[in-house]
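Residue numbering restarts at 1 for every chain, and letters A, B, ... go by the order of the sequence lines. Basis for what follows: all heavy atoms, side chains included, without hydrogens, waters or symmetry-related copies.
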Amino acid sequence: MASPDTTDTARYNAKTAEPKWQETWDRQGCFRTREESEAPGKDKYYVLEMFPYPSGRIHMGHVRNYTMGDVIARFKRARGFNVLHPMGWDAFGMPAENAAMENKVHPADWTYKNIAAMRGQLQAMGLAIDWEREFATCDPSYYRHEQAMFLDMVEAGLITRKKSYVNWDPVDMTVLANEQVIDGKGWRSGAPVERRELTQWFFKITDKADDLLKGLEGLERWPDKVRIMQTNWIGRSEGARVFFPVEGLSKDYSLEVFTTRPDTLFGASFCALSPGHPLTRELAEKDAKLAAFVRECEQLGTSEEAIETAEKKGYDTGLRARHPFIEGHSVPVFIANFVLMDYGTGAIFGCPAHDQRDMDFARKYALPVLPVVAPKKLQGAELETFLSELGEANEAFDGDGVAVNSDFLNGLEVTEAKRAAIEKLEALKLGEGTVNYRLRDWGISRQRYWGCPIPIIHCPSCGSVPVPRADLPVELPRDVSFEKPGNPLDHHATWKHVACPKCGGKAERETDTFDTFVDSSWYFARFCSPKAETPTDIAAANYWLPVDQYIGGVEHAVLHLLYARFFTRAMKETGHVGLDEPFTGLFTQGMVTHETYKGPDGRWVAPDELFWKDGKPFLDEAARTPVKVGAIEKMSKSKRNTIDPTAIIDQYGADTARWFMLSDSPPERDVQWTEEGVEGAWRFTQRFWRIVTGDPASLAEPGAPMPALDEVAEALHRTAHQILAALTAHIEALQFNKAVARIYELANAISAFKPQDEAAGKWVKREAVDMLVQMAAPMMPHLAEESWQALGHETILAETPWPIADESLLVEDSVTLPVQVNGKRRDEVTVPRDADKAAVEQAALGLEKVRNALDGKTPKKVIVVPGRIVNVVV
RNA sequence: GGCCGCGUGGUGGAAUGGUAGACACAGCAGACUUAAAAUCUGCUUCGCUUUUUGCGAGUGCCGGUUCGAGUCCGGCCGCGGCCA
């Protein structure tokens, strides 16, 4: 085939056209944001794609994400909205420090260099972005406001400092996220990870758990999937706190446990404490064996999964806990590795018959298994059998049923029994009904350099003292070394030693920095007034927020989106914004995938290293070494199945890449990158250009008055307006693949158009071609501008209003209805649109094929759905 | 194991309960060309029928609701995601 970068003048040359139009848009300030006062009578529209981490190069996922956002931005602008469409950089984080350690480059230099490279790549995509609002979260001019808000939030009681377990890498001397722990070892050092207790800063997100849960109900333009994931993550569960007085201690002590199943209290056969429980600590001080057991537990990771899959282990303290309901009965107290200090009260009671974990534990330590719930339908002998089998079983029964062996609860169904048990506990003052959440407070301390410093000074006499506002920002020191393991801020010679702002005595800075999720929890608000002297300009924030359409990967369904929702509430409480929910519309796009290839040595082979012969890939041109085609997977460096967007843009142009990313696959689903697909997209850009410019003499002058239309001209006229209406609805609904199909349909209709009357033909073809170009503009903006100009228009398409479909052309005068006999299609009948049912029925029954199908029988019933279908029932 | 989503041609995918397969990719045939590429035209769910006309089957499987089911309901099978 011809090379895409040919200079043939009959071809559309993306290589020259694209930079030209990018420069024109830039020079004319087409995408500069208009403040409220500059846009009277316009509604605002804020479209935002999740901002990228500056890794160094954009990838196809970015291309897909930013193309979708750009289509919306351009479309909404053409539809008369005042649009905010900004871009920035999620610029703090570990990869910069890794690069510093590996390549001896300063994290700041590495980051800003990457930003410059990626900005250039994004600009080559021709995005309708207001670059004047760009910022990076590692700019002190950004993070100073984050520090100020942190202090506001400390004052507002939204933040707490407490101890918590972390994954500790003893070699790198750093805290690891759960996903950095692989098989219990640090991902970089390979050293066994320890659970360690550190004092850290926390946002009190659990205080807002109910509010965050309720808020989800109002987010109607969010995918249900994401709302369900957040609901599960918050994990609200109703249950009870129960007190078990402990015997065998020198003091009076009641163990507080949380349970979602107070109805199974009569089946309790032990209590278990978390290794981190205060009572455990106390006991461990006098019990070396217990202390050793606790240490062993701390070798385990902190993730629920790690704890869940580990072998259940316990340590019998010898203490007994008195049963709240059964006089004179007590159960043993264990320390158990599967009890989480962070969930509930850090202590449970075990009812082995009705909880699998408790069952496993009971069998291991030979504890009794007493069934206290049975399926309702079981009676007499069947019930006896069920209960005795469960008593011997290794499988717990956690289904619904009625209480048995449970004194005053007997016969009550689970829900009823829970309520009755709670009432009794409250009457006995041995417990109460309570709500527990799976959600934990958001720990934001990171023992790392490349993050926003926490603006606190620790003074031996005054405690944790906020850095005075006048001293903000607390800037990261530039002169740091990554030679030593651990946090460079912690062993910096001078930075951390300061005078206490309160007493003036010797004090030390907090050397932890913020979790980068903090940075991304408010950037959308900063975009409203990126240069303001305060974190937000409240008027600008009130105007632009909420984000009307937010677009990003589903991998952020829980953490980022939940934190941002919390942070917005916290900003509202501290007076920085005026709303609770930052994103009214959310769209989660699918991944970009590609085939994978494996060479004979089992190593992954990149697509551009292949030689194709007879549709099969080889490692060499002579086709001697075959390559195995593997699964279609998300593009990733490790599988070597990535395609570099810049290479594609160089070869085919940005419009081709954009068009391909929008074609075929529904945007929420994964899209497979294929060579054929991108070739097809490129060929269409050329065909588009030929349709528009191939025969200028066949088009009327722009703005020419409409002549009388003959039948064929009228048909194209209608088609164009119908397609316009459909495409407009598709883009509104973010159904880009369908919008693409409509463009093809119109292109096909124009190609197939055979005018009869010359004047009418010229006029409707001009209209159809103009519309085609305008409709394609959000998706292929450069090609559309070039076409628009070639069509003789004086305006810039980026500033031209969206065309309006003529409603009267959307309905046809006559309709063709399928005619079924007994639900089977036999023929079709064309009738006037407003024909009454009797007339349609008569026309349908008169059809020869229908009569044949009836075979002389009399119709029992004829169903006529106007404008839809006729069904003759025999 | 729980929750959620998805199963439609060779492929990606269309289809307010109303003509299943729009649109595209790939493939095949033809036109143009010395030839190829590009481009243009046509065909392309499967089976039966000599081609047409036509007939039959068909949206993972089984059943149900309905005049009518890819779509709604119940049960199964398979795949994917999240949580465990």
Give me the distance, rounded to whole Å, that separates [N] from [M] when you measure between the [atom1] atoms they each carry.
| N | M | atom1 | result |
| --- | --- | --- | --- |
| A15(B) | A69(B) | C1' | 13 Å |
| G58(B) | A24(B) | P | 29 Å |
| A22(B) | U44(B) | P | 10 Å |
| C77(B) | U11(B) | C1' | 24 Å |
| U71(B) | U16(B) | P | 13 Å |
| A26(B) | G21(B) | P | 22 Å |
| G10(B) | C3(B) | C1' | 35 Å |
| C79(B) | A36(B) | P | 47 Å |

Which glycosidic conformation, syn or anti, is assigned to G42(B) if syn requires a torsion within 90° of zero? anti
Using 4.0 Å as the upper bound for N to carboxylate O, is an ion pair formed by D210(A) and R236(A)? yes
Salt-bridged, D360(A) to R357(A), with N to O below 4.0 Å? no
How would you label the contact of [X] with the nucleic acid (heavy atoms, under 4.0 Å): base, sugar-phosphate, or nothing?
| X | answer |
| --- | --- |
| V873(A) | sugar-phosphate |
| E745(A) | sugar-phosphate |
| S663(A) | nothing |
| N822(A) | nothing |
| K860(A) | nothing |
| Q820(A) | base |
| R669(A) | sugar-phosphate |
| R227(A) | nothing |

With respect to the side chain of [X], which nucleotide from [options] is positioned closest?
| X | options | result |
| --- | --- | --- |
| R826(A) | C4(B), C23(B), G56(B) | G56(B) |
| N737(A) | A14(B), A22(B), C40(B) | A14(B) |
| E828(A) | C25(B), U19(B), A22(B) | U19(B) |
| W233(A) | A22(B), U19(B), C83(B) | C83(B) |
| R687(A) | C40(B), G13(B), C4(B) | C40(B) |
| N232(A) | C3(B), G18(B), C83(B) | C3(B) |
| I863(A) | C25(B), C83(B), C67(B) | C67(B) |

Within the structure, does a side-chain N or O atom of [X] lie under 4.0 Å from either OP1 or OP2 of [N]?
| X | N | answer |
| --- | --- | --- |
| K824(A) | A57(B) | yes |
| R438(A) | A84(B) | yes |
| K738(A) | A15(B) | yes |
| K849(A) | G54(B) | yes |

Could you tell me if the ring centre of F517(A) sits under 6.0 Å from that of Y563(A)? yes
For this output row, return yes or no: ring centroids of F688(A) and Y12(A) closer than 6.0 angstrom. no
Counterpart base for [N], defined by Watson-Crick or G-U wobble contacts under 3.5 Å:
| N | result |
| --- | --- |
| G68(B) | none |
| A84(B) | none |
| C61(B) | G75(B) |
| A22(B) | none |
| C43(B) | G27(B) |
| G9(B) | none |
| C32(B) | none |
| U53(B) | none |

Calculate the interatomic distance between [X] atom [atom1] and [N] atom [atom2]; express it in whole Å.
| X | N | atom1 | atom2 | result |
| --- | --- | --- | --- | --- |
| L216(A) | C3(B) | CG | P | 19 Å |
| L817(A) | G18(B) | CG | P | 14 Å |
| L662(A) | A24(B) | CG | P | 16 Å |
| Q735(A) | G13(B) | CD | C1' | 13 Å |
| W689(A) | U39(B) | CH2 | P | 17 Å |
| H730(A) | G13(B) | NE2 | P | 17 Å |
| Q672(A) | G13(B) | CD | P | 9 Å |
| D664(A) | C23(B) | CG | P | 13 Å |

Do other residues, nucleotides or ligands put more than 12 heavy atoms under 6.0 Å from the NZ atom of K364(A)? yes
Aromatic rings [X] and [Y]: how do their planes relate, parallel, tilted or perpendicular, breaks at 30° and 60°?
| X | Y | result |
| --- | --- | --- |
| Y550(A) | F583(A) | parallel |
| W673(A) | F660(A) | perpendicular |
| F386(A) | F397(A) | perpendicular |

Mind running side-chain hydrogen bond (donor to acceptor under 3.5 Å, both in side chains) on Q230(A) and R565(A) for me, showing each step along the way? CA-CA 11 Å; Q230(A) 292 211 353; R565(A) 293 179 61 222; 2.8 Å; yes
With hydrogens left out and only the distance checked, is there a donor-acceptor pair under 3.5 Å joining R868(A)'s side chain and the base of U16(B)? yes
Walking RNA chain B from its 5' end, the first of N871(A) and R825(A) to be reached, judged by nearest nucleotide, is R825(A)
First of V558(A) and Y744(A) reached from the 5' end of RNA chain B, by closest nucleotide: Y744(A)
Stepwise side-chain hydrogen bond (donor to acceptor under 3.5 Å, both in side chains) check, T596(A) with K639(A): CA-CA 7 Å; T596(A) 51; K639(A) 300 263 166 66; over 6 Å; no
